Amino acid sequence: MSGLSDPARIRAELAALLGPGGLLADEAPLAAYESDGLTAFAARPAAVIAPRTADEVIAAVRWCHRQGVSFVARGSGTSLSGGALPVPGGIVITLNRLNRILRLDPIERIAVVEPGVVNLAVTQAAQPYGLHYAPDPSSQSVCTIGGNVAFNAGGAHCLKYGMTSNHVLGLKAVLATGEVVEFGGPSREQVGPDWTGLFVGNEGLFGIALEVTLQLLPRAECFHTVLAGYATLEQAGDAVAAVIASGLLPGAIEIMEQLALQAATAAVHAEYPPGCEAVLIVELEGPREVVAADRVRLEAILAASRPVEVRPARDAAERLAIWKGRKSAFSAVGRLSPDFIVQDGVVPRRRLGEALRRIQAWSRETGLRCANVFHAGDGNLHPLILYDGREPDGLRRAEELAGRILRMCVEMGGSITGEHGVGVEKRDYLPVMFPPGELELLRRVRAAFDPAGIANPGKMFPDGAAPALTHTGLHPLERAGVIARE
Amino acid sequence: MSPATLEELVAAVRAHPRVLPVGAGTKARLAAAGPGVTPVSTRALRGIVEYEPDEFTFTAWAGTPLTELAAVLAERGQYLPFDPPLAAAGATLGGTVAAGLSGPGRWRFGGVRDFILGARFVDGEGRVLRVGGKVVKNAAGFDLPKFFVGSAGCCGVLAELTFKVFPRPAATRTLRLTARDAADQVRLLRACAGGRWELDALEASVDEPAVFVRLAAGETALGPLVAELLGRFPGCELAPAEAAERWTAVTGFTWAYAGGALAKVLLTSGVVPAFVAWVRAQEGARAWIGAGGNVGYLSLPLGIAPAVSPWPGVLLRGSGPRWLGPRRPAAVMKAVKRALDPSGRFPELED
């Protein structure tokens, strides 16, 4: 970067640009922005700014463009791939102050929101109208729509409802060049190249979303959630295959295995059938007549799958308890190990059992414990690799195992990431997934949006300076049980 | 030119300075090459490459006819839920993506953009490139497969596509609900859209203020849902043959003039009355409203061009500018076009 590099001057210019309160000045608050949900990495930015309006964001990005200063947009910092990790010498633009729902139209069933709006706040605002915002990452109570858009966030209901990109109808953004663009709009249909679809999942490499138009869906009338325990992980995997083959389309199909079950039991007093290596969660949803009919089919399938026990949720409270256990599993693992890293590779569904057996074998071989919690319906693994950061090579060994898992996912025809994004964490594995010609194409597209390479550099692509690896333990929010890793 | 192999496709692209990628030509405007432009069709590049029913995915060559795909998927009780249009006319998978067209079924689970997972395409330099993935969930790299939806051949020739599929519901029922006028029709569309019924399709006609509702689920569940809808709204259920005929007409645009202009415009339910008025102001115009009032289709007799559209749209058949209504060109769009097609072999984004 040949641009402005003196931190004091960067801070002075930004303070002048944004006026009082626009620049976070004290040392202590800055420290909180050195890492995101991927706590193994940390970097000190030259400055952190907190714009109050979209115009201030635009002004800041244009300043960065003029001065050749890198910027990283940040919401709540829950990225698990290091997507919000600062660029040394660059600035962090926090978007939490842009947290207004600009428009909620229950008739057209859309919401226009600023990037700092928390995911769950959209559903909460829509709830009085019987509507909801479908994507539900586990961190939904703190993660923001801007971050969801940047990383195409997923959640437990992707099989039926898709990811964030399937729910973003349009957006306004400031690109790294300072150009302000509007893609898409309020209609659920599109014409022309799908620019909105291209922007979602850009990992902050194109620019910053300023306004996002989201589609809202009527909340399902009825849910039926079943928890089934299995003596072996393989049986649970077979049950998933049987559910899929039956032609049912559940809203969610999740699996938790032993270590994760222990953690959830310890953390939120979840109760699971004893003697189970794995627990399957299947949720049906829809009009009550449809759920009633599907439920009979599901019961027959599960009964034939040799479960240790099947526990249907009898009421809303029992359903919530099942989900609480599932969604807390990640932070709960923190009780089992001081440190862990989480992967989110995808394998073809039919190879889930094989993938898990291989992870188990590698886990035994390396002596690193792995807790598996995953979206079985779409083959999206979430192995949590437990390590002790106080051991000199703890993190390195964990990363080595993570790398083996990622390579396996690609070999099986899957992906290195289902919903967390490549970020800084998996950038070395992008070439495992894409050959040189394709990587070059991705770089050309990136350069079209950001010719100077100032928007979140060092992410997604295997280049740039390696950020400092540190051992910092759980994210403070995570330690408090506010956020979860998924 | 209709290359039958990937190598032939690459050679065809490299051999001509200006190329218009086309499929079977069922969206004639998008397949109309201007002077000096060579149409390169992928219609001979056909067949299913991989089909994994247990994974809910398939990969097929771009020229594969939709009818062939539908038949293979149906054998395993699966389908593309967005009812890709013009199948009976011979439309191909690649043409559907490039035109960005979805049919009535897009209401429930989304359109072509929501089901595309990956693509292999030939860029402006004749390079074969793969984007996206082959599994139902993937967040690695930029989402270029989506970008190609509606791109009308501006940035490359689609050669091979990977899609997500869903299990096909066991049964469907179709209702014709009657409204007093266009305003009442909007009320009806909104009431249906907001309900508990999880409708499979929600469309409306313009020549009469009716709303067409399709439900899809297991047979036993549908009875009470149909009864409730008919108890709440005036209307009747269509007999199976009549229902099939109706949906065939909608997805096949058989209601439209065979040779005239056919345009798609983007709406929201609130502008449906304005759309109806816009249609009625045009001599001989026919129209259809899809996706709960989110899209309108306009058909005009041969030789008549659509009136200036207040809404963004695309001309699918007939002659005239490809894009309709307000546009928001941006510098970045040209830059992306250059990244994919540096020598300008394919059509401009705006023309």
Side-chain angles (χ1 to χ4, degrees), chain A residues 107-109 130 151-152 154 158 162 165-166 175 179 181-182 185-194 197-198 200-202 218 221 241 244-245 247 249 286-287 289-290 293 346 348-350 378-380 413-419 421-422 430 433-434 437-438 441-442 444-445 447-449, chain B residues 52 54-55 77 100 110-111 113-114 127 129-131 133-144 146-151 154-155 166-167 190 193-198 217-218 220-221 224-225 264 266-270 291 294-295 312-314 323 328 330-333 335-336 338-339:
Chain A
I107 306 280
E108 301 290 0
R109 286 164 294 108
F151 281 80
N152 196 11
C158 293
S165 65
N166 304 101
L175 305 180
E179 184 179 29
V181 294
E182 283 183 60
S187 176
R188 281 165 161 75
E189 267 288 332
Q190 295 84 26
V191 291
D194 189 348
L198 179 60
V200 177
N202 76 74
E221 177 192 21
I244 292 293
L249 185 61
E289 295 87 347
V290 174
V346 181
R349 213 155 25 205
R350 69 179 182 288
D378 41 29
N380 192 186
S415 171
I416 56 173
T417 173
E419 54 187 12
V422 178
L430 199 68
M433 193 155 162
F434 294 108
E438 274 74 1
L441 168 71
L442 294 175
R444 286 202 305 273
V445 172
F449 280 89
Chain B
E52 304 277 1
D54 298 342
E55 303 296 332
R113 79 183 290 269
D114 300 298
R127 292 173 288 214
L129 297 163
R130 220 184 255 284
V131 289
K134 288 196 168 182
V135 280
V136 294
K137 200 172 184 184
N138 170 33
F142 304 126
D143 199 346
L144 284 159
K146 269 199 189 62
F147 174 74
F148 277 104
V149 174
S151 64
C154 294
C155 293
F166 271 170
R190 289 170 167 177
R196 71 177 189 93
W197 311 287
E198 262 189 28
T220 51
L225 293 172
K264 166 187 169 177
L266 306 187
L267 311 173
T268 52
S269 70
N294 282 275
V295 61
V314 57
W323 307 118
R328 288 181 307 223
V332 72
M333 294 178 176
V336 171
R338 275 196 303 275

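Throughout, a chain's letter reflects where its sequence line sits, starting with A, and its residues are numbered from 1. Small disclaimer: the values here were computed from a predicted structure and weren't measured.
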| Heavy-atom pair count under 4.5 Å with chain A, highest-scoring of B/G111, B/A139, B/A221, B/P167 | B/A139
| task | Might you point out which heavy atoms bring A/P218 and B/G195 nearest each other, and give the distance in Å? | result | CB-O, 3.9 Å
| query | Hey, is the main chain of A/S415 close enough, under 3.5 Å, to the side chain of B/K134 for a donor-acceptor pair? | reply | no
| message | Distance check, rounded to the nearest 0.5 Å: A/E189 atom CD versus B/R113 atom CZ? | response | 10.0 Å
| B/V136 versus chain A, the contacting section by heavy-atom distance below 4.5 Å | side chain
| task | Would you mind checking which part of B/W197 comes under 4.5 Å of any heavy atom in chain A, side chain (CB onward), backbone (N, CA, C, O), both or neither? | result | backbone
| query | Between B/A335, B/G100, B/G194, B/A140, which has the largest tally of heavy atom pairs under 4.5 Å with chain A? | reply | B/A140
| query | Would you call A/R350 and B/D54 a salt bridge, taking side-chain N to carboxylate O under 4.0 Å as the test? | reply | no
| task | Considering non-hydrogen atoms only, spot the tightest contact between B/D143 and A/S165 and give its length. | result | OD2-OG, 4.3 Å
| note | When the 4.5 angstrom heavy-atom criterion is applied to A/E221 and chain B, the contacting part is side chain
| task | With a 4.5 angstrom heavy-atom cut-off, could you sort out which part of A/I244 is near chain B: side chain, backbone, both or neither? | result | both
| note | Per-residue tally against chain B (heavy atom, under 4.5 Å) across A/A241, A/G437, A/G192 peaks at A/G192
| field | Greatest number of heavy atom pairs closer than 4.5 Å to chain B - which of A/V346, A/N152, A/L442 | value | A/L442
| Contact origin within A/V290 toward chain B - heavy atom pairs under 4.5 Å | both
| task | Go through the atoms of B/R130 and report whether side chain, backbone, both or neither lie under 4.5 Å from a heavy atom of chain A. | result | both
| note | Most heavy-atom pairs under 4.5 Å with chain B, out of A/C158, A/A447, A/G421, belong to A/C158
| field | Best-contacting candidate, A/N380, A/I416, A/V422, against chain B by heavy atom pairs under 4.5 angstrom | value | A/N380
| task | To the nearest 0.5 angstrom, please state how far the CD atom of A/E289 sits from the OG1 atom of B/T220. | result | 9.5 Å
| task | Enter the distance from B/N294:CG to A/R109:CZ here, rounded to the nearest 0.5 Å. | result | 7.5 Å
| message | Heavy-atom pairs under 4.5 Å with chain B - which of A/G414, A/P348, A/A245, A/G413 has more of them than the others? | response | A/P348
| field | Closest contact, heavy atoms only, B/F142 versus A/N202 | value | CE2-O, 3.6 Å
| query | Heavy-atom distance under 4.5 Å to chain B: side chain of A/P287, backbone, both or neither? | reply | both
| query | What part of B/A330 gets closer than 4.5 Å to chain A, counting heavy atoms only: side chain, backbone, both or neither? | reply | both
| message | Let's test your reading of the structure: which of B/E55, B/K146, B/E52 forms the most heavy-atom pairs below 4.5 Å with chain A? | response | B/E55
| remark: Here the pair of heavy atoms bringing A/V191 nearest to B/P312 is CG2-CB, 4.2 Å
| said: Whether the side chain of B/R190 engages the backbone of A/I107 through a donor-acceptor N/O pair (distance < 3.5 Å, no angle test) should be reported. | reply: no
| note | Looking only at B/G218, B/P224, B/G313, B/C155, most heavy-atom pairs under 4.5 Å shared with chain A are made by B/G313
| field | Interface residue of largest heavy-atom contact number with chain B, from A/R349, A/R444, A/M433, under 4.5 Å | value | A/R349
| said: Using heavy-atom distances under 4.5 Å, tell me whether B/L129 contacts chain A through its side chain, its backbone, both, or neither. | reply: both
| request: Name the region of A/E179, side chain, backbone, both or neither, that has any atom closer than 4.5 Å to a heavy atom of chain B. | output: side chain
